[in-house]
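Below is one structure, written out as structure tokens, with a few remarks after it.
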Amino acid sequence: MTSQVRVRFAPSPTGYPHVGNIRTALFNWLFSRHWGGSFIVRIEDTDVVRKVEGAVEAILDSLRWLGLLWDEGPEVGGKHGPYFQSQRLKTYHEVAERLVLQGNAYYCYCSPRRLEGMRAEQVRRKQPPGYDRHCRNLSPKERSQKEDEGITPVVRFKTPLEGKTPFNDLIRGEVVFENRAIDDYVLLKSDGYPTYHLANVVDDHLMQISHVLRAEEWLSSTPRHLLLYQALGFSPPQFAHLPMILGSDRSKLSKRHGAVSITEYREEGYLPETMVNFLALLGWSLDDKTEIISPKELVDKFSLERVSKTAAIFNKDKLSWMNGVYIRSLSLDDFTQRALPFLEEGLPASVKRPLPPDYVKKIMPLIQERAKTLAEVPELVRFFFTQELDYDSRLLIGKGMNQEVTFGALKEAKAKIAELKTFDTDSLESVLRPLAAGLGLKTGQLFGTLRVAITGQTAAPPLFQTMAVLGKEKCLERINDALENLARPAS
RNA sequence: GGCGCAUUCGUCUAGCGGCUUAGGACACCUCCCUCUCAAGGAGGAGAUCACCGGUUCGAAUCCGGUAUGCGCUACCA
């Protein structure tokens, strides 16, 4: 008997992985790494109807992206495979058959129509909906009659009519369910696929899973699973039900809450280290102040005792803040490397590709601390690449200035800049700062005007650094353009 | 309707009977820094700890009830 920790992430490929799924994966991964155990990925593709093409790849990609590598599962294999439930149907059939033989399950021939009618009636009479056990005690004769009619039955679990099923949830403590509140649920569907309940229990046992860490929505199903373990003579794993992640309106996360799939966050330019850090803190905390925490420390300190019991709302503002923190912490090279794909993608088509590496490298330090996501980098640096600036010429005229003053200031500035032999931050500052005083302008006024002329924006990286990167020629061109724009009567 | 879980600033959370005038973070506001925007620094506002009872010398912390929210109640997971 080993006390090896073996946990699994068992997604169903019925859609792209959302933050809730991934948070569950993260906690499983952290738990396994903390205890030196194994992290297993198992694909629960038992719902043929809802199966989504590409979902498995999206799930695995997301895990890899976040660094949540698995010890057993798709692609890497393992000695308890296969790790796709659709490839394990024979096992489920055998177990279901055994259950029927043992008297713990039975064939049910009820038509969907009958079940529907039954449920409607139950709801109408305000009774708890649930299977009425119509086929629970069919005689052999009745059964063969149904078989003769060509009906493919489902296999239902013969839930004990009395008693209680208690268990100790590692996060919530003692939980008890009355068996009579549990109906005879389906184990094997008529299409030959098992339901979650059967496949999950069988595989967790066969794969020697020691701890089941899953979302709270499974809490009510746990007694069903426990009853199944009992009937099968398997010793159940330990259960821990994680708090759910909710949308801003406190309902289950869905499309209307904006980005829900983890792949969308990736596309929006959130760093994987941000997601890991943020998701870890959604339902778990180290202490009363730790916000930024490394994966290593997460693994080191993770514990189920510090997992909270209450559902959490996904706070995107805080995510963005945290992403900014991580972006700023990147080395310049790393930041550049990561931003590059977003630049190639996000810059206007008119900008020549490939982007000149040296030029890009000079720009990046100017915006690194201004970017909250990688996806907004193209917008922040666009004016460095585009030929023509498109802005309202009225922006050139700063507070307390008029057209004439602005025009003169730009002209003077242009002259000073043109005289410059060395064109860098210091030389620009040494000539432009005095110029402001000479013109009787505040530095903010002169620099503001120049900023609009140079960048087409009122908010941009520091002016002199920006100009130094752009180069003398381009700066002069843009000031010329600004002068022309100013001279043109505003329409 | 039944069953289950939960309930501390708008949000994420700390708190596990006295150290709490309930701490931190995001967001918000003010000021400083400053050529704008960021970043950074200093402050501020924001929670009668859902409510009602009980236990106790003492409760956000323990117990009970109520309310509210969420989940489950499918041949979905």
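Just the heavy atoms: all of them, side chains too, but no hydrogens, waters or symmetry mates, feed the values below. Within every chain, numbering begins at 1; the chains are lettered A, B, ... in the order of the sequence lines, protein sequences first and strands thereafter.
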Heavy atoms, side chains only, cut-off 4.5 Å: are A:Arg8 and A:Val212 in contact? yes
Cation-pi geometry met for A:Arg143 and A:Tyr109 (6.0 Å, 45°): no
One character per nucleotide, please: for nucleotides 41-50 of chain B, 5' to 3', B when the base has a protein heavy atom closer than 4.0 Å, S when only the sugar-phosphate does, - otherwise. ----------
Taking only distance into account, with no hydrogens and no angle test, what donor-acceptor pairs under 3.5 Å do side-chain atoms of residues 432-441 of chain A form with protein atoms, sequence neighbours excluded?
from     : atom 1 : to       : atom 2 : distance (Å)
A:Arg433 : NE     : A:Glu429 : OE2    : 2.8
A:Arg433 : NH2    : A:Glu429 : OE2    : 2.7

Per the atom types in the model, does the base of B:C75 pair as donor or acceptor with the side chain of A:Ser190 at under 3.5 Å? yes
Closest nucleotide among B:C70, B:U13, B:U36 to the A:Met244 side chain: B:C70
Partner of B:U68 under the Watson-Crick or G-U wobble criteria, both distances under 3.5 Å, comes out as B:A6
Is the shortest heavy-atom distance from the side chain of A:Val154 to the side chain of A:Leu188 under 4.5 Å? no
Base paired to B:C37 (Watson-Crick or G-U; both N/O distances under 3.5 angstrom): none
B:A74 -> Watson-Crick or G-U wobble partner, both distances under 3.5 Å, gives none
State which of B:G4, B:C75, B:C12 makes the closest approach to the side chain of A:Leu115. B:C75
Toward the 5' end of RNA chain B, by each residue's nearest nucleotide, A:Ala459 or A:Gly130: A:Ala459
Aromatic rings A:His197 and A:His225: how do their planes relate, parallel, tilted or perpendicular, breaks at 30° and 60°? tilted
Distance flag, aromatic centroids of A:Phe27 and A:Phe302, threshold under 6.0 Å: yes
Using the side-chain heavy atoms of A:Phe177, tell me which of these nucleotides is nearest: B:C35, B:C3, B:G71. B:C3
Counting side-chain heavy atoms from C-beta on, which of B:U13, B:A25, B:G1 comes nearest to A:Pro128? B:G1
Partner of B:G46 by Watson-Crick or G-U wobble geometry, both contacts under 3.5 Å, or none? none
Quick one: is B:G15 close enough that its OP1 or OP2 comes under 4.0 Å of any side-chain N or O from A:Arg306? yes
Think A:Arg433 has a side-chain N or O under 4.0 angstrom from the OP1 or OP2 of B:C35? yes
From the candidates B:C3, B:A27, B:C75, the one with an atom nearest any side-chain atom of A:Val186 is B:C75
Would you say a side-chain N or O of A:Thr46 is under 4.0 Å from OP1 or OP2 of B:C76? no
Does the base of B:A6 carry an N or O that pairs as donor and acceptor with the side chain of A:Lys309 under 3.5 Å? no
Whether A:Lys189 contacts B:A77 is assessed here as follows: a side-chain N or O lying under 4.0 Å from the phosphate OP1 or OP2. Is that the case? yes
Do the rings of A:Trp218 and A:Tyr196 sit parallel, tilted or perpendicular, given the 30° and 60° boundaries? parallel
Would you say B:U73 has OP1 or OP2 under 4.0 Å from some side-chain N or O of A:Arg180? no
Taking a pair as Watson-Crick or G-U wobble with both distances under 3.5 Å, which nucleotide is matched to B:A25? B:U11
Report yes if at least one side-chain N or O of A:Ser285 is closer than 4.0 Å to OP1 or OP2 of B:A14; otherwise report no. yes
Let's test this: given Watson-Crick or G-U wobble pairing with both distances under 3.5 Å, identify the partner of B:A60. none
Quick one: on RNA chain B, does A:Leu281 or A:Lys372 contact a more 5' nucleotide (nearest heavy atom)? A:Leu281
Just compare B:U13, B:U36, B:G24 and give me whichever is closest to any side-chain atom of A:Pro462. B:U36
Any strand, both distances under 3.5 Å, Watson-Crick or G-U wobble: B:C16 pairs with none
At under 4.0 Å, does any side-chain N or O of A:Arg50 touch on OP1 or OP2 of B:A77? no
Is there a donor and acceptor pair closer than 3.5 Å between the side chain of A:Arg250 and the base of B:C70? no
Just call it for A:Ser220: base, sugar-phosphate, or nothing, with non-hydrogen atoms closer than 4.0 Å on any strand. base
Integer-rounded Å distance: B:C76 C1' and A:Glu116 CD: 15 Å
Base of B:C5 paired with side chain of A:Arg172 (donor-acceptor, under 3.5 Å): no
When you measure from the centre of the six-membered ring of A:Phe84, is the NZ or CZ of A:Arg88 closer than 6.0 Å and no more than 45° off the axis? no
Does the side chain to side chain contact (heavy atoms under 4.5 Å, CB included) test come out yes or no for A:Leu63 and A:Val41, once each step is laid out? CA-CA 10 Å; A:Leu63 292 178; A:Val41 170; 3.9 Å; yes
Given B:C35, B:C3, B:A77, the nucleotide with the shortest approach to the side chain of A:Thr195: B:A77
